[in-house]
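This report refers to the structure that appears directly beneath it.
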Protein chains: 2
Amino acid sequence: MIGTREKKKLATRTAILEAAMRLFTEKGYDNTSISDLARTAGIGKGTIYTYFAGKSEILLAFCEQQLAFVSRELRDKSDPDASLLRRLLDLFMGEFRFISKNPEFGRTMLREMVFPKEMTVERSREIDDKYIDLLVPMFRKAQKRGELRTDLELILVTGHFYALYIMTVSGWYMGRLKTEEDVAMGMEFLFQQALSGLAPARGGEMTEP
Amino acid sequence: MIGTREKKKLATRTAILEAAMRLFTEKGYDNTSISDLARTAGIGKGTIYTYFAGKSEILLAFCEQQLAFVSRELRDKSDPDASLLRRLLDLFMGEFRFISKNPEFGRTMLREMVFPKEMTVERSREIDDKYIDLLVPMFRKAQKRGELRTDLELILVTGHFYALYIMTVSGWYMGRLKTEEDVAMGMEFLFQQALSGLAPARGGEMTEP
DNA sequence: GAGAAAAGTCGACCGTGGTCGGTTTTTTTT
DNA sequence: AAAAAAAACCGACCACGGTCGACTTTTCTC
């Protein structure tokens with residue numbers, strides 16, 4: 001029978017991810033060893049490496065699920081006609097809530113997403129691209145409503161807000177922002193700053209008069 | 001003779017850092033083991049852990065030197081009366097040049113600085129604070145010259161630009177920005193965006209009319 | 001200066017992530 | 001259906017970061 005291999009492969013892959021899902025959330029990322037994963041998934045340790053390039057790539061598979069979840073939540077629970085600021089906060093605070101519930105897990109995830117190793121560059125970019133796909137339509141809408149300049153590269157705008165989100169989460173990991181409210185406020189401040197601009201006036205050149 | 005202990009401690013600490021300096025830049029961070037470090041420093045492996053909480057803390061000691069270097073360079077080679085944009089680019093591009101010369105090293109450093117583990121939170125914050133001390137005076141000056149709004153928390157402004165710097169470097173690690181010029185341009189774009197603002201008009205409330 | 005206390009040193013030891021060559025299972029070729 | 005090729009599987013093995021309790025050196029106390 002043809003396709004036996006494909007079926008088994010998919011089954012094994014799923015088994016690994018299920019084991020990861022369980023063990024990571026049960027014991028945390030760092031406290032879950034590859035051997036644990038293999039044992040729980042009912043396969044040999046070495047086999048895992050035919051499915052994933054390393055432990056961190058298993059993490060990224062999660063990251064993808066996580067993003068999918070957050071983006072579904074955004075679709076279901078956030079008013080699509082709210083202001084751009086509101087929409088952005090809904091999205092990123094959803095993301096943050098997940099991270100704050102799994103801090104060690106989230107840290108490793110973010111480290112891998114923001115400063116990927118060669119090994120995981122590709123997957124990181126895939127996830128990144130999904131972010132872009134999620135945000136760009138929001139920006140387009142905001143442009144139509146006059147909330148966002150129309151002369152900007154939307155990829156750079158995405159980067160801009162994503163950067164501020166990262167910085168806020170960093171502030172939380174550093175202990176500068178302690179509660180979820182702190183984070184929400186910090187993020188809102190930064191987003192507003194970005195929207196209104198840091199320079200005092202608009203329109204003129206940045207050079208001397 | 002009193003003080004013998006103190007002297008030896010300092011000597012040992014220095015020996016470790018010197019060994020780290022040499023081996024990290026010679027073989028890279030990941031390829032340098034704690035045993036290597038110990039051997040080169042002429043001490044036992046376990047001893048290192050009475051001086052540093054872990055491998056990553058040794059890295060942060062470097063980070064501090066690195067920041068000191070960059071800030072000296074900024075003082076010596078960058079026109080203190082240049083525009084805020086120029087000054088920021090001089091600072092962060094100096095930082096980036098170091099990273100681009102030691103990518104693996106820089107990655108671990110950034111990971112630790114932006115998403116620190118409990119172990120290194122404190123040291124990360126110290127370094128962070130030095131960044132703030134470096135930037136805030138620049139912002140004050142810019143405010144006097146009318147280049148920067150005067151109604152902002154300068155810590156948030158620092159965070160804002162630092163965030164954009166991080167994002168640019170991230171873009172480089174992800175392979176979206178390939179050359180130093182790409183990075184310089186990307187960073188300048190983002191900084192300009194931040195200064196001029198993403199929203200089309202200034203002054204009004206962000207809410208519905 | 002002798003003895004006790006404190007601080008510093010050390011390398012064998014632990015569990016980890018990841019590798020490797022040999023083995024089994026599936027697919028392709030004849 | 002037999003043989004050959006390819007792919008998947010495995011666990012012993014490696015070097016690593018980090019720990020630990022036994023040991024040495026310095027300091028304190030009398």
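We name chains A, B, ... by the order of the sequence lines, and we start the count at 1 in each one.
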**Asked** Would you call A:Glu118-B:Arg107 a salt bridge at under 4.0 Å N-O?
**Response** yes
For the [atom1] atom on [X], are there more than 12 heavy atoms of other groups (residues, nucleotides or ligands in this structure) within a distance under 6.0 Å?
| X | atom1 | value |
| --- | --- | --- |
| A:Met185 | CE | no |
| B:Tyr51 | OH | yes |
| B:Phe98 | CZ | yes |

**Message:** How long is the straight-line distance from OG1 of B:Thr12 back to CG of B:Leu17, given to the nearest 0.5 Å?
**Reply:** 11.0 Å
**Complete:** Rounded to the nearest 0.5 Å, the CZ atom of B:Phe96 sits from the CD1 atom of B:Ile99 at a distance of 7.5 Å
**Prompt:** If pairing requires Watson-Crick or G-U wobble contacts with both distances under 3.5 Å, which nucleotide is the partner of C:dC10?
**Reply:** D:dG21
**Request:** Decide ring pair (Phe, Tyr, Trp, His ring centres under 6.0 Å) for A:Phe62 and A:Phe105; before the verdict, give the C-alpha distance in whole Å, the side-chain angles of both, and the deciding distance to 0.1 Å.
**Result:** CA-CA 10 Å; A:Phe62 255 75; A:Phe105 192 53; 5.3 Å; yes
Which donor-acceptor pairs under 3.5 Å do the side chains of residues 165-172 of chain A make with protein atoms, sequence neighbours left out?
| residue | atom | partner | partner atom | Å |
| --- | --- | --- | --- | --- |
| A:Thr168 | OG1 | A:Leu164 | O | 2.7 |
| A:Ser170 | OG | B:Val114 | O | 2.7 |

**Asked** Which residues, if any, of residues 102-110 of chain A bring a heavy atom under 4.0 Å of DNA chain C?
**Response** none
**Message:** What is the distance, to the nearest angstrom, from the NZ atom on B:Lys7 to the C1' atom on D:dT27?
**Reply:** 15 Å
**Asked** Base, backbone or nothing for each nucleotide of nucleotides 6-19 of chain D, written B, S, -, heavy atoms under 4.0 angstrom, 5' to 3'?
**Response** -BSSBB----SBBB
